[in-house]
Amino acid sequence: MSPIRRLVLLFELIWCFIQMYVIGVYILIREMVQGHYSPPDKELPDSTGLVAMVTGGTEGIGLEVVRKLISKNVTVFIASMNKSKAEKVINELKYDYPTSQVYHIPLDLRSLKSVKECMNQFLEYGRPLNILINNAGVMLTPYTLTTDGLEEQFQVNYLSHYYLTSLLLDKLESSCSPDYTSRIVNVSSAAHVFGGKNLDKLISKCDGLFEYSPHYAYTTSKLAIILATYNLHKQLKGSNSRVTVNAVHPGIVNTGLYRNVHWSIKWLMIFLAKHLFKTPKEASDSVVFVAITPQLEGVSGGYYDNCKSFQSCALSYNQSLQEELKCRTKDLLQQKT
Ligand SMILES: NC(=O)c1ccc[n+]([C@@H]2O[C@H](COP(=O)([O-])OP(=O)(O)OC[C@H]3O[C@@H](n4cnc5c(N)ncnc54)[C@H](OP(=O)(O)O)[C@@H]3O)[C@@H](O)[C@H]2O)c1
Ligand SMILES: *[C@@H]1O[C@H](CO)[C@@H](O)[C@H](O)[C@H]1NC(C)=O
Ligand SMILES: *[C@@H]1O[C@H](CO)[C@@H](O)[C@H](O)[C@H]1NC(C)=O
Ligand SMILES: *[C@@H]1O[C@H](CO)[C@@H](O)[C@H](O)[C@H]1NC(C)=O
Ligand SMILES: *[C@@H]1O[C@H](CO)[C@@H](O)[C@H](O)[C@H]1NC(C)=O
């Protein structure tokens with residue numbers, strides 16, 4: 001690699017880094033000005049009989065989503081990686097909600113094989129699936145290749161969820177009832193606005209110095225989720241499917257997600273978090289709202305923030321980018337599965 005190329009890459013890296021924290025501060029201020037909206041109880045009705053799968057329901061926002069769903073009598077399958085952690089969480093939930101039905105299914109989103117096994121295990125229960133919440137995620141991981149030879153944030157946040165969704169789509173479809181049509185909720189992030197359109201950067205292997213920007217990989221994986229949400233919405237509408245799909249920004253919350261944030265930023269973040277961030281419980285509000293409110297029955301193809309429909313960034317509506325992403329995703333899945 002020429003020194004000039006290396007310099008360009010270094011500037012790109014710094015630029016992506018700056019963008020991410022600029023957007024972080026902007027969103028934080030916006031959230032403070034907006035104030036948090038917590039949907040009233042009547043917006044979240046008793047949902048006895050519904051079955052949900054929540055990826056990453058053992059921690060942070062996902063755990064609070066599970067708790068709220070259980071409190072509404074939803075049967076919940078937590079799909080996550082750490083078995084002992086899931087068992088511990090389920091014991092605690094059962095203590096608080098003794099009649100709840102909550103199960104764990106092992107899922108490691110770093111492996112497409114594991115995604116397939118998760119789907120099979122779920123089908124063995126012989127239950128319907130009314131709600132799929134694609135929540136699990138990682139942020140700013142150092143460059144690591146997954147079992148399938150892909151960058152971790154791209155696969156965990158986007159590709160494996162895409163695969164999981166496509167494997168469960170028939171089940172979601174056949175579980176629609178007259179009162180409740182099945183819903184997919186994709187947890188994205190307001191940070192998607194700095195996602196880029198260079199998909200090669202996500203998919204190709206990096207080995208040169210400065211070739212990998214963890215910030216670009218995160219924001220673009222979150223953009224990809226929205227692009228795929230809009231694209232699937234169109235596809236579902238075209239095929240007369242009743243399943244609905246929406247994306248959500250939960251809010252800025254201090255969770256395990258921030259473990260890879262650089263120390264130079266972390267101290268400030270911890271300070272801000274204590275005073276200004278949402279709590280995981282607050283952040284779960286939008287996700288649960290989109291999953292069960294009767295207001296959104298049959299509503300699809302949207303992006304929600306603070307329980308309200310929101311515009312996502314202009315690039316997310318770019319249809320040629322949506323198509324390009326879909327083609328590449330399908331190629332990748334064909335190659336790797
Ligand atoms: N926190 C924020 O400020 C914020 C803002 C916007 C959007 N979001 C989004 O909200 C979602 C939840 O974030 P969070 O803050 O709640 O994160 P978190 O506290 O770090 O929780 C992450 C969850 O994902 C699971 N997970 C991680 N890697 C996995 C893998 N390879 N396979 C299966 N499960 C895996 C973890 O399961 P194990 O317990 O098994 O490890 C854990 O339950 C993410 O999609 C994130 O991008 C968060
Ligand atoms: C959940 O179901 C139980 C009975 O199975 C019922 O007593 C309770 O009111 C329901 N919870 C909610 C939130 O409606
Ligand atoms: C799994 O969770 C347990 C309990 O929360 C924790 O002690 C352990 O370190 C976790 N294992 C891994 C591999 O992260
Ligand atoms: C989001 O939803 C769409 C439509 O269901 C799906 O195709 C896509 O895989 C999901 N994306 C992620 C990353 O969750
Ligand atoms: C839309 O996406 C395509 C890539 O598929 C890109 O070439 C084009 O520049 C994008 N348009 C805008 C307005 O960003």
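Just so you know, residue 1 is the first one in the sequence shown, and it goes up from there. Numbering of ligands and ligand atoms starts at 1, following listing order.
Note on ligand 1: Phe277 sits outside its first shell, no heavy atom being nearer than 4.0 Å. Under the 4.0 angstrom criterion for non-hydrogen atoms, Ala283 is not in contact with ligand 1. The shortest separation from a heavy atom of Gly251 to ligand 1 is under 4.0 Å, placing the residue in contact. Ligand 1 has at least one atom lying under 4.0 Å from a heavy atom of Leu107. Using a non-hydrogen distance threshold of 4.0 Å, Lys222 registers as a contact of ligand 1.
At a 3.5 angstrom cut-off on N or O pairs, Val156 does not count as close to ligand 1. Polar contact with ligand 1: absent for Val138 (N/O pair, distance under 3.5 Å). Residue Lys85 places at least one N or O, backbone or side chain, under 3.5 Å from an N or O of ligand 1. Looking at ligand 1, you'll find an N or O of Thr58 within less than 3.5 Å of one of its N or O atoms. For a threshold of 3.5 Å applied to N or O pairs, the pair formed by Pro250 and ligand 1 contains no separation below that value. Checked by distance only, ligand 1 and Val253 come closer than 3.5 Å through their nitrogen or oxygen atoms. By the 3.5 Å distance cut-off applied to N or O atoms, Met81 is counted among the residues near ligand 1.
Taking every heavy atom of Gly256 and a limit of under 4.0 angstrom, the matching atoms of ligand 1 come to 19 (O), 20 (O). Interface atoms of ligand 5 facing Asn318, defined by a heavy-atom separation under 4.0 Å, are 1 (C), 2 (O), 3 (C), 8 (C), 10 (C), 11 (N), 12 (C), 14 (O). The atoms of ligand 5 that sit less than 4.0 Å from any heavy atom of Ser320 are 1 (C), 2 (O), 3 (C), 5 (O). Interface atoms of ligand 1 facing Gly60, defined by a heavy-atom separation under 4.0 Å, are 16 (O), 19 (O). Close contacts of ligand 5 with Leu315, meaning ligand atoms under 4.0 Å from a residue heavy atom, involve 14 (O). Atoms of ligand 1 found under 4.0 Å from any heavy atom of Ile252, numbered from 1 in the order shown, are 3 (O). Near Asn82, meaning under 4.0 Å from any of its heavy atoms, are these atoms of ligand 1: 40 (O). Counting atoms of ligand 1 from 1 in the listed order, those under 4.0 Å from a heavy atom of Arg110 are 31 (N). Residue contact check: Tyr218 has heavy atoms under 4.0 Å from atoms 46 (C), 47 (O) of ligand 1. Less than 4.0 angstrom separates some heavy atom of Tyr258 from each of these atoms of ligand 1: 1 (N), 2 (C), 3 (O). Atoms of ligand 1 lying under 4.0 Å from any heavy atom of Ser80, numbered from 1 in the order shown and given with element: 37 (O), 40 (O).
Of the listed residues (Val187, Ile27, Asn135), the one carrying the non-hydrogen atom nearest atom 45 (O) of ligand 1 is Asn135. Taking all heavy atoms of Thr255, Asp305, Leu109, Val65 into account, the minimum distance to atom 32 (N) of ligand 1 is reached by Leu109. Closest heavy-atom approach to atom 22 (C) of ligand 1 among the candidates Ala190, Gly137, Ala191: Gly137.
Of the candidates Tyr21, Trp15, Phe194, His215 forms a ring pair (Phe, Tyr, Trp, His ring centres under 6.0 Å) with just one, namely Tyr21.
Ring pair Tyr303/His192: centre-to-centre distance below 6.0 Å. For an aromatic pair to be called close, the ring centres must be under 6.0 Å apart, and Tyr317 with Tyr230 satisfies this.
Using a cut-off of 4.0 Å between Lys/Arg side-chain N and Asp/Glu carboxylate O, Asp41 and Lys72 are scored as salt-bridged. Look at Arg183 and Glu297 and you find a salt bridge, because one of the NZ, NE, NH1 or NH2 atoms lies within 4.0 Å of a carboxylate O, short of that distance. Under 4.0 Å is where a charged nitrogen must lie from a carboxylate oxygen, and between Glu92 and Arg67 no such pair does. Classification of Asp200 and Arg328 as a salt-bridged pair holds, one side-chain N sitting under 4.0 Å from a carboxylate O. Between Asp285 and Lys68 a salt bridge is recorded (basic side-chain N to carboxylate O distance below 4.0 Å).
A donor atom on one side chain and an acceptor atom on the other are found under 3.5 Å apart for Ser320 and Asn318. Using modelled atom types, one finds a donor on one side chain and an acceptor on the other under 3.5 Å when comparing Ser160 with Gln155. His104 and Ser80 are linked by a side-chain donor-acceptor pair at a separation below 3.5 angstrom, with hydrogens and angles left out of the test.
A distance of 5.0 Å separates CE of Met139 from OH of Tyr258, quoted to the nearest 0.5 Å. Rounding to the nearest 0.5 angstrom, the gap separating the CD1 atom in Ile131 from the OG atom in Ser182 is 8.5 Å. Separation of atoms CG (Leu109) and OG1 (Thr146) is listed at 10.5 Å; rounding is to 0.5 Å. Atom OG in Ser312 sits 8.5 Å away from atom CG in Leu227 (nearest 0.5 Å).
Looking only at protein heavy atoms, the nearest one to atom 48 (C) of ligand 1 is Leu257 CD2, 3.4 Å. Atom 16 (O) of ligand 1 has as its closest protein heavy atom Ile61 N, 2.8 Å. Glu59 CB, 3.9 Å is the protein heavy atom nearest to atom 21 (O) of ligand 1. Of the protein's non-hydrogen atoms, the one nearest atom 31 (N) of ligand 1 is Asp108 OD1, 3.1 Å. Residue, atom and distance of the protein heavy atom nearest to atom 7 (C) of ligand 1 are Ser188 O, 3.2 Å. The protein non-hydrogen atom at the shortest distance from atom 26 (N) of ligand 1 is Ala136 CB, 3.9 Å.
Residue-environment remark: OH (Tyr37) exceeds the threshold of 12 foreign heavy atoms within 6.0 Å.
In the hydrophobic clustering of this structure, Met81 does not group with Leu167; members are Ile, Leu, Val, Met, Phe, Trp, Tyr whose side-chain heavy atoms approach within less than 4.5 Å, directly or through other members.
In the hydrophobic clustering, where aliphatic and aromatic side chains (Ile, Leu, Val, Met, Phe, Trp, Tyr) are joined below 4.5 Å either directly or transitively, Tyr143 groups with Leu145, Tyr212.
Here Lys197 has side-chain heavy atoms under 4.0 Å from ligand 5, and that is the only part of it that gets that close.
Ring planes of Tyr103 and Phe77: parallel class, angle under 30° (limits at 30 and 60°).
Judged by distance alone, with hydrogens and angles left aside, the side-chain atoms of Asn246 form a donor-acceptor pair with the main-chain N or O of Val299 at under 3.5 Å. Looking only at distances, no side-chain donor or acceptor of Lys234 sits under 3.5 Å from a matching main-chain atom of Thr229.
Ordered by chain and residue number, the residues placing a heavy atom less than 4.0 Å from ligand 3 are Asn82, Ser84, Lys85.
The closest side-chain heavy-atom distance from Glu31 to Glu282 is not below 4.5 Å.
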